[in-house]
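Heads up: the structure comes next, in structure tokens.
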Amino acid sequence: MTPSQRLAELGLTLPTVVKPLAAYVPAVRTGNLVYTAGQLPMEAGQLTDTGKVGAEVSPEQAKVAARLCALNALAAIDALVGIDNVVKVVKVVGFVASAPGFGGQPGVINGASEFLGEVFGEAGAHARSAVGVSELPLDAPVEVELIVEVQ
């Protein structure tokens, strides 16, 4: 089953690529790798949540937001090379805007990691970093970037 067929089976469609907030492009290909810019939990041009995880945003809400970030990253990849050309998810980097004392960043970023496994199966297994930060653009609770291998 192709990634696009798997997305359809999950009842999902790739959204329109989110317009960059500054001087960058959503995704870049070099050789057989595609790097995405950091993706926020945007839906229809709006953030789904704002604030710090562990304060204004629950870890469960943030996990859902991380999944949306990964979906937006897949949209950027699809616009550049086509989602069905992805051979392997290589790396996920997730940033979590964290309230003081919040240490659950890995669980939040699992929202992105588990989603990629649903879409790509074994090819979705990846290396990862889950980093707590004090602030993210637009007061987003989470940001995710991907590196994927393409054919």
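Residue numbers start at 1 and run along the sequence shown. Note that these values count all heavy atoms, side chains included, but never hydrogens, waters or copies made by symmetry.
- When all heavy atoms of Ala97 and Leu136 are compared, the closest pair comes out as N-CD1, 3.8 Å.
- Using a 4.5 Å cut-off between side-chain heavy atoms of Ile, Leu, Val, Met, Phe, Trp and Tyr, with links allowed through other members, Val89 and Leu12 fall into the same hydrophobic cluster.
- Other residues, nucleotides and ligands place more than 12 heavy atoms under 6.0 Å from the CD atom of Gln5.
- Neither Val17 nor Tyr35 shares a network with the other; the hydrophobic side chains, linked directly or stepwise wherever heavy atoms of I, L, V, M, F, W or Y lie under 4.5 Å apart, form separate groups for each.
- Transitive grouping of hydrophobic side chains (ILVMFWY, heavy atoms separated by less than 4.5 Å) keeps Val142 and Phe95 in distinct clusters.
- In this structure, the separation between OG on Ser4 and CD on Glu9 is 11.5 Å, given to the nearest 0.5 Å.
- Taking 4.5 Å as the limit, some side-chain heavy atom of Leu71 sits within range of a side-chain heavy atom of Leu14.
- Leu40 and Val18 fall within the same hydrophobic cluster, where Ile, Leu, Val, Met, Phe, Trp and Tyr residues are linked whenever their side-chain heavy atoms come under 4.5 Å apart, directly or through other members.
- The two residues Arg128 and Pro106 have their closest heavy-atom pair at NH2-O, 3.2 Å.
- When all heavy atoms of Lys91 and Val93 are compared, the pair lying nearest together is CE-CG2, 3.9 Å.
- Pairing each heavy atom of Ile109 with each of Ala130, the nearest pair is CG1-CB, 3.8 Å.
- Residues Val144 and Phe115 have side chains not in contact (no heavy-atom distance under 4.5 Å, counting atoms from C-beta outward).
- Of all the heavy atoms in Pro41 and Ala140, the pair that sits closest is CD-CB, 4.2 Å.
- In this structure, CD1 in Ile77 is found 12.0 Å from CG in Asp84, a value given to the nearest 0.5 Å.
- Contact check for Glu149 versus Leu33: side-chain heavy atoms found under the 4.5 Å cut-off.
- Taken from CE in Met42 to CG in Leu138, the straight-line distance is 6.0 Å, to the nearest 0.5 Å.
- No side-chain heavy atom of Pro15 sits less than 4.5 Å from a side-chain heavy atom of Glu43.
- For the pair Asn110 and Lys63, the minimum side-chain heavy-atom distance is below 4.5 Å.
- Taking CG of Leu68 as the start and CG of Asn72 as the end, the distance is 4.5 Å to the nearest 0.5 Å.
- You'll find the side chain of Leu80 stays beyond 4.5 Å of the side chain of Thr36, heavy atoms only.
- Here the side chains of Arg6 and Thr2 are not in contact, with every heavy-atom distance at 4.5 Å or above.
- The structure places NZ of Lys88 at 15.0 Å from CD of Gln151, a figure rounded to the nearest 0.5 Å.
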Inset, instruction - Please step through side-chain contact (heavy atoms from CB on, under 4.5 Å) for the pair Leu116 and Leu146, ending with a clear verdict. - result: CA-CA 10 Å; Leu116 294 167; Leu146 303 180; 3.7 Å; yes
Inset, instruction - Under the side-chain contact (heavy atoms from CB on, under 4.5 Å) rule, what do Val148 and Phe120 come out as? Steps first, then yes or no, please. - result: CA-CA 11 Å; Val148 298; Phe120 295 103; 5.9 Å; no
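- Taking both residues in full, the closest heavy atoms of Gln39 and Ala76 are given as NE2-CB, 4.4 Å, listed atom of the first, atom of the second, then distance.
- No side-chain heavy atom of Lys52 sits less than 4.5 Å from a side-chain heavy atom of Pro100.
- Between the side chain of Arg67 and the backbone N or O of Cys69 there is no donor-acceptor pair closer than 3.5 Å.
- Following chains of ILVMFWY side-chain contacts shorter than 4.5 Å, one can reach Leu10 starting from Leu74, so the two form part of one hydrophobic cluster.
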